2 protein chains.
Amino acid sequence: MDIEEIKHKITKGGLKFTHQRMVIYEELTGSQNHPTAEWVYEQVREKNPSISLGTVYKTLDTFVNAGIIQKFVDNNGVMRFDAILEAHSHLYDKETNEIRDYRNKDLESLLKKFFDNNEIKDFEVEDISVVIKGRNK
Amino acid sequence: MDIEEIKHKITKGGLKFTHQRMVIYEELTGSQNHPTAEWVYEQVREKNPSISLGTVYKTLDTFVNAGIIQKFVDNNGVMRFDAILEAHSHLYDKETNEIRDYRNKDLESLLKKFFDNNEIKDFEVEDISVVIKGRNK
DNA sequence: ATCAGTGCAAATGCTTTGCATCGGT
DNA sequence: ACCGATGCAAAGCATTTGCACTGAT
């Protein structure tokens, strides 16, 4: 993804385009992990050593509120960020705490169909994901 | 659940039976919520005012390790505890942070069948649950 | 020039740890 | 009597907040 593309992603939500936001967003799309704020901070510091951890937190939060990225909480209660917006499920390794994406069109349509046909009383569904716990082998 | 039953639950895992463990376990089975450690602490203090928050945390952890209860993390990174051991899904209200159980045999067998038929490369599945985010209405 | 964004440090909230004392077996 | 369980306070860690300064528009 080039600079103009990133700039557009950020500014179309009405946000100012800053160097910090640029490098943070770049880092998020570049990684296949599900990085923590701390990890993003470490990476981004290599390109911009004066950035502060507080700014990383605020920026990630801003991106989440603007709908540019997603966040979720891992099994240890730590926030994870993800530039992939489409619904997808996660594999949690109980030993290493590694989190991998699991994407399967069949599963997604299966779930979509299920919840379309089974309305939940008093609840409006916005987002469905599957949490799969186990271990890498 | 009477005292003897609770005592058996606790001691069969090799744990000592103490007053604190008794009241904590009682509180967990009595509530239909998904209590936080803090909430359990408040409740239990009514029956045993000298109990400490640290003991509540340690006891809950002990129960989890003994397989007597389950724990998971809510969307704010706070630990939630649950005396129900069978797999079940949760409804997260984005506004109030309330968590409700969602149990549906059809969904459970659908998921079980799916993962029986779709082995995941390099990953051994132990536990599947669905996270449903949205809002109460 | 304005006002949102940033950096820094202090504060917060939940959870864990260390250690002396207590109590179940 | 032994050794795990408890109470208390301090420490730990991820995250948030307050505020003066900076920089994008």
Side-chain angles (χ1 to χ4, degrees), chain A residues 3-4 6-25 27 33-45 47-66 68-69 71-81 97 99, chain B residues 3-4 6-25 27 34-42 44-45 47-66 68-69 71-81 97 99:
Chain A
I3 297 185
E4 279 312 311
I6 295 179
K7 179 166 180 175
H8 178 247
K9 278 262 180 196
I10 293 173
T11 54
K12 76 175 172 194
L15 304 177
K16 280 187 186 171
F17 181 70
T18 66
H19 179 66
Q20 289 87 336
R21 286 176 176 175
M22 164 80 195
V23 288
I24 290 172
Y25 189 77
E27 213 48 72
N33 310 333
H34 298 83
T36 62
E38 191 71 35
W39 188 89
V40 172
Y41 174 58
E42 296 300 342
Q43 300 307 307
V44 146
R45 232 146 56 117
K47 292 182 183 163
N48 178 347
S50 67
I51 202 167
S52 81
L53 181 57
T55 295
V56 172
Y57 273 103
K58 284 172 186 162
T59 301
L60 290 170
D61 229 53
T62 302
F63 285 172
V64 171
N65 290 330
I68 298 171
I69 64 171
K71 90 171 169 188
F72 62 96
V73 176
D74 73 15
N75 291 326
N76 300 308
V78 177
M79 300 297 175
R80 302 299 193 115
F81 300 88
N97 293 317
I99 301 171
Chain B
I3 296 184
E4 278 313 310
I6 296 179
K7 179 165 180 176
H8 178 245
K9 276 262 179 195
I10 294 172
T11 53
K12 78 176 171 193
L15 304 177
K16 280 187 188 175
F17 180 71
T18 66
H19 179 66
Q20 290 86 336
R21 286 175 177 178
M22 165 80 196
V23 288
I24 289 172
Y25 189 77
E27 211 50 69
H34 299 82
T36 62
E38 192 71 36
W39 187 91
V40 172
Y41 174 58
E42 296 300 341
V44 146
R45 234 150 50 121
K47 292 180 184 165
N48 179 347
S50 68
I51 202 168
S52 81
L53 181 57
T55 296
V56 171
Y57 273 103
K58 283 173 187 162
T59 302
L60 290 170
D61 227 54
T62 303
F63 285 171
V64 171
N65 290 331
I68 299 171
I69 64 171
K71 90 170 169 188
F72 62 96
V73 177
D74 72 17
N75 291 326
N76 299 307
V78 178
M79 300 296 177
R80 303 298 193 116
F81 299 89
N97 293 316
I99 300 171

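The chains referred to below are lettered A, B, ... by the order of the sequence lines, with proteins before strands, and numbering in each begins at 1. The model shown is predicted, which means the values in this text are computed figures rather than measured ones.
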What is the distance from CG of L53(B) to P of dT17(C), rounded to the nearest Å? 14 Å
Rounded interatomic separation in angstrom, taking CG from D74(B) and P from dT15(C): 9 Å
Can you name the nearest heavy-atom pair linking I69(B) to F81(B), along with the distance? CD1-CD2, 3.9 Å
In this structure, how many angstroms lie between the P atom of dA4(C) and the CD1 atom of I10(A), rounded? 18 Å
Taking all atoms of both residues into account, what is the closest heavy-atom pair of F17(A) and M22(A), and its distance? CZ-SD, 3.6 Å
For D61(A) and dT15(D), give me the distance from atom CG to atom P, rounded to whole Å. 10 Å
Distance check needed: dT16(C) C1' versus L60(B) CG, whole Å only. 13 Å
Applying side-chain contact (heavy atoms from CB on, under 4.5 Å) to L15(A) and T62(A), what does each step give before you reach the verdict? CA-CA 9 Å; L15(A) 304 177; T62(A) 302; 3.7 Å; yes
Rounded to the Å, how far apart are E38(B) CD and dT16(C) C1'? 15 Å
End-to-end axis angle, where each axis spans five pairs of the helix from dA1(C)-dT25(D) to dT25(C)-dA1(D), to 10°: 30°
Using the 3.5 Å cut-off, write out each protein N or O paired with an N or O of nucleotides 5-7 of chain D and the distance between them.
unit_1, atom_1, unit_2, atom_2, d
dA5(D), OP1, R21(B), NH1, 3.0
dA5(D), OP1, R21(B), NH2, 3.1
dT6(D), OP1, T18(B), OG1, 2.6
dT6(D), O3', Q20(B), NE2, 2.8
dG7(D), OP1, Q20(B), NE2, 3.1
dG7(D), OP1, S50(B), O, 3.3
dG7(D), OP2, S52(B), N, 3.3
dG7(D), OP2, T55(B), OG1, 3.0
dG7(D), O6, K58(B), NZ, 2.8

Under 4.5 Å between any side-chain heavy atoms of V73(B) and R80(B), yes or no? no
Upstream residue (5' side of DNA chain C) when F81(B) and T11(B) are each assigned their closest nucleotide: F81(B)
With respect to V40(A), which candidate in I51(A), V56(A), N33(A) satisfies the side chain to side chain contact (heavy atoms under 4.5 Å, CB included) definition? V56(A)
Does a side chain donor of either D61(A) or T59(A) reach within less than 3.5 Å of an acceptor in the other side chain? no
Supply the atom-to-atom distance M79(A) CE to Y57(A) OH, rounded to the nearest 0.5 angstrom. 8.5 Å
Is it true that the side chains of Y25(B) and R21(B) contain a donor and an acceptor less than 3.5 Å apart? no
Please determine if a side-chain N or O atom of Y57(A) lies less than 4.0 Å away from the OP1 or OP2 oxygen of dT15(D). yes
Could you tell me which non-hydrogen atom of L53(A) sits nearest to which non-hydrogen atom of A37(A), and how far apart they are? CD1-O, 4.4 Å
For M79(A) and dC13(D), give me the distance from atom CE to atom P, rounded to whole Å. 18 Å
Round to a whole Å and report the spacing from CG of N76(A) to P of dG12(D). 19 Å
